[in-house]
Amino acid sequence: MRLLKNICSLSLIMLSAAINNSNAQSGCGFDEELKKSIEADPSKKLALEKFNAQMQNFSKGNQVLGGQVNYVIPVVVHIIHDNGISNVSDAQVKDAIRILNEDFQKRNADTSLIASAFIPIIADIGIEFRLANIDPNGNCTNGITRTFSYATKAGDGSAAKALISWDTQKYYNIWVVDYLESGGNAVGGYSYLPGTAPSSEKEGSIVIHRQFGGIGSSYGSPLSKATVTHETGHFLGLYHTWGIYSSPGTVNACGDDDGISDTPNTTGTVGSCNTNQMSCGVLDNVQNFMDYSSCPYMFTTGQKTKMVNAVNSAIGYRSALWAANNLIATGVNDGYVKQECKPKAYFYSSKKLFCAADTVAFYDKSYNDTLSTHRSWEWTFEGGTPSSSTEQNPIISYNDPGAFKVKLKVTNSSGADSLEKTAYIETFNNDMKQTIYFTEGFESSTFPANSDSSKNWHISSPGAVKFTRNTLAKTEGSASLSVDLHSDTECSHMLISPNFDLSAATKPINFTFDFAYAQKNSSNNDLLKVYYSLDCGKSWLVKTTKNASTLKTKEPTSSNFIPSSSEWNSLVLNFDSYVGQPNFRIKMQAEAKGGNKLYLDNIKFFHGNVGISNIASQNFNAVVYPNPIDETSVLIVEAENLAKIRVELHDVLGRNLLSLSNLNSNTVQLNQLFPKMESGIYFLKIFNGVEIKTISILF
């Protein structure tokens, strides 16, 4: 069987098992992440070669013991969550560790289902994994950390790992997230071979909560329950059973191998369990933990030899984990007496942005307690009624508008911890209303505050990155609003309008704005969603969603995007259905997926009593909607004198394909203007004799 020689030259193709239903399981990103790590740092290839050579030498001289626990490895589980289902329970964590130990010690009940041909080589690996009782600072811990971040849904997990990592020479780090992808595909998890992680703090395994343990939010299938076992196999030096040269289930995988003598040559199995399968002329070990079958139940004695040799190697710090002094330092040594740990305070609320004279529920989600659940709570609510509470999950009323802090102190027999969040609750004054016509050009240096507080906007974001006023780019005036969408960890950035009274409005009611956006690269898919609310933000309904392909006004650029005057587009949204509504708000929400900057400008909200002709007396503007173009698309021109307007259609080469002048209406039906255009990107240029507005359109 072949050994790996030149992994940098390999084409490592990953399994794509991203199925969007509640019972789907995703494959492993091991191959793709290994390839990425080596491409980014060629020294990782040398580390892999050194590891492979060392494993061969160990195999020749080392005797592998069996039938007992020979190695204990301290574990820390980092839960990265967004206050939802991804914040899995302590019970689910303990269940995952239980399953991991049963699998590694041949105590899993599934062994009774293993095909008879492989029963003689089922291995007890002799490794036990224990949740740490002492953290890196010497403090009491239950071996579980919890970190709030939208990085739980971000990409390949690098952002999640950057948030927290315990010393990888002392702890086996396992990160649990909501979503994970590798090579553009959704995956259930991945790990690195010893010494091949991009950096030492990324050593360990990362998995999605749906494939973590067998209870709680886990799918609960055999494959889901074995995901941590599978990734730990990689962490201890194992490849997939079909090798790493090819993707599973393909014929060319028969020319590949995992370097283990007693795992039969195979193309691999994806999502099925045919124990009579012979993909490469011999009986497949489809029930192996390192395959993708639906029945992962065993390791072989050959795999045991490699993993035991790996834990005896200093490469990737594996041998340091089970050293006697480290077991004492992490509190997992035999005879350690567990302590009651001091809790770590944490809370969240049912909502954070709403109208005054409403109530909100608060939830205690403190953690780190170990032996008891006897906590006491001291809540303090600035601006709330009541202003304090000793309940675990109180319900509080806020009667006045403003921004208010919330504090929680949680105590048990070992001590207390406090958490205070400044301006955590924001309440609107719903009695203060605006009528339309309404404009916002972000010209005031005090934005979002206004001398007339009824015109105040509200900006909200989970982190430091927010919508901010800038003077670098604009469609008119001196400023616009922008937000940097490059951060994977701060996902939703919100801009909420003042409260509008549409009681006396007449149709048509249109909401328009200009925007400019560029991706960092073509894989970014940032979103802009426009919502509306009729109940002061208690509920929001989606009006439209623009993804990167319909949002971008410039091709991807890795540099900081600052749009020129021609790199803007406009959107018009019609709200005729809401004439008569006394309370109407609009929310513009940018969802960051790693892209560049998004800019907004020239917001207008107007109805039939004002009309486009009246608006045009104040500004020259033009919008196209919908865009991409369909049979309903229109060009609306705002101008003082339509007779001066000239419209030109240009292709991407700059050729003028059509001209139109002497408009008799400010609304032009585009399917009548050019009904037979070929698919592609074009540019409308609108001239008023002084200025030019350029709109990119997609047929």
Side-chain angles (χ1 to χ4, degrees), residues 82-84 150 348-361 383 395-404 423-440 442 447-450 452-462 466-467 481 483 491-513 515 527-546 571-591 598 600 603-607 625:
D82 59 358
N83 287 333
Y150 286 107
Y348 68 92
S349 61
S350 58
K351 53 191 174 186
K352 295 191 294 183
L353 204 59
F354 54 94
C355 272
D358 202 354
T359 59
V360 57
I395 297 176
I396 305 299
S397 298
Y398 287 85
N399 297 315
D400 299 314
F404 306 106
Y424 180 71
I425 295 295
E426 292 184 74
T427 57
F428 305 134
N429 186 341
N430 209 35
D431 295 329
M432 302 177 69
K433 302 178 182 181
Q434 286 292 306
T435 56
I436 54 176
Y437 171 71
F438 180 89
T439 65
E440 179 60 70
F442 312 109
F447 182 88
N450 195 289
D452 178 356
S453 59
S454 69
K455 296 181 179 180
N456 284 356
W457 291 73
H458 293 266
I459 292 175
S460 179
S461 183
K466 303 177 185 294
F467 274 110
L481 204 65
V483 62
C491 141
S492 296
H493 308 286
M494 292 172 282
L495 173 68
I496 300 176
S497 76
N499 191 33
F500 294 109
D501 184 356
L502 305 185
S503 299
T506 58
K507 299 178 182 179
I509 299 178
N510 290 315
F511 179 79
T512 76
F513 61 92
F515 62 90
L527 303 175
L528 176 63
K529 296 181 178 180
V530 181
Y531 297 82
Y532 63 96
S533 175
L534 308 178
D535 55 11
C536 204
K538 290 182 181 179
S539 59
W540 293 97
L541 302 173
V542 177
K543 178 65 174 178
T544 190
T545 298
K546 294 184 74 64
L571 182 67
V572 177
L573 300 174
N574 182 267
F575 288 102
D576 283 1
S577 300
Y578 305 102
V579 167
Q581 291 290 338
N583 297 295
F584 189 88
R585 290 182 187 268
I586 292 174
K587 177 172 69 173
M588 305 173 77
Q589 181 168 306
E591 297 187 2
L598 169 70
L600 302 175
I603 293 175
K604 297 174 183 174
F605 201 20
F606 56 92
H607 62 80
Y625 73 102

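Along the sequence shown, residues carry numbers from 1. We use all heavy atoms of the structure for the numbers below, so side chains are in, but hydrogens, waters and symmetry mates are not.
Side-chain contact between F606 and N510 is present, with at least one heavy-atom pair separated by less than 4.5 Å. Side chains of M588 and I603 form a contact here, defined as non-hydrogen atoms less than 4.5 Å apart. V579 has its side chain out of reach of L502: every pair of non-hydrogen atoms, C-beta onward, lies at least 4.5 Å apart.
Shown here are the side-chain contact (heavy atoms from CB on, under 4.5 Å) partners of I395, two or more places apart in sequence or in another chain: T359, A361. Residues passing the side-chain contact (heavy atoms from CB on, under 4.5 Å) test with T544, sequence neighbours excluded: V530, L571, L573. Residues satisfying the side-chain contact (heavy atoms from CB on, under 4.5 Å) test with D400, not counting sequence neighbours, are none. Qualifying ring-ring contact (aromatic ring centres under 6.0 Å, His included) partners for F515, counting only residues two or more places apart in sequence or in other chains: none. Legend: residues meeting salt bridge (Lys or Arg N to Asp or Glu O under 4.0 Å) with K351, ordered by chain and number and at least two apart, are D358. With sequence neighbours excluded, no residue forms a side chain to side chain donor-acceptor pair (under 3.5 Å) with S497. K529 pairs by the salt bridge (Lys or Arg N to Asp or Glu O under 4.0 Å) definition with E591, not counting sequence neighbours. Taking S350 as the reference, nothing meets the side chain to side chain donor-acceptor pair (under 3.5 Å) condition, with sequence neighbours excluded. Every residue two or more places apart in sequence or in another chain was checked for a side chain to side chain donor-acceptor pair (under 3.5 Å) with S577, and none qualifies. Qualifying side chain to side chain donor-acceptor pair (under 3.5 Å) partners for D82, counting only residues two or more places apart in sequence or in other chains: S86, K153. Legend: residues meeting salt bridge (Lys or Arg N to Asp or Glu O under 4.0 Å) with E426, ordered by chain and number and at least two apart, are absent. Residues passing the side-chain contact (heavy atoms from CB on, under 4.5 Å) test with N83, sequence neighbours excluded: H81, F148, Y346, Y348.
Contact detail for K543 and N574: the closest heavy-atom pair is NZ-O, 2.7 Å. Looking at every heavy atom in both residues, P498 comes nearest to F438 through CG-CZ, 4.0 Å. Pairing each heavy atom of S533 with each of S539, the nearest pair is OG-O, 2.9 Å. The nearest pair of heavy atoms linking F428 to C536 is CD1-SG, 4.0 Å. Across every non-hydrogen atom of P401 and T427, the tightest pair is CA-OG1, 3.1 Å.
Across F605, Y437, F575, a single residue satisfies ring-ring contact (aromatic ring centres under 6.0 Å, His included) together with F500, and that is F605.
Here the straight-line distance linking atom CZ of R585 with atom CH2 of W540 works out to 7.0 Å at 0.5 Å rounding. With rounding to the nearest 0.5 Å, the separation of OH in Y532 from OH in Y578 is 2.5 Å. Distance CG/L495 to NZ/K587: 11.0 Å, rounded to 0.5 Å. Separation of atoms CZ (F584) and CZ (F511) is listed at 9.0 Å; rounding is to 0.5 Å. Rounding to the nearest 0.5 Å places CG of D576 at 6.0 Å from CD1 of I509. Annotation: the span from L481 atom CG to F442 atom CZ amounts to 4.5 Å, rounded to 0.5 Å.
Counting only distance, with no hydrogens or angles, the side chain of N456 and the backbone of A449 share no donor-acceptor pair below 3.5 Å. Counting only distance, with no hydrogens or angles, the side chain of D501 and the backbone of N583 share no donor-acceptor pair below 3.5 Å. Put simply, the side chain of Y424 gets close to the backbone of S349: a donor and an acceptor are under 3.5 Å apart.
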Full working for side-chain contact (heavy atoms from CB on, under 4.5 Å) between I425 and F354 | CA-CA 8 Å; I425 295 295; F354 54 94; 3.7 Å; yes
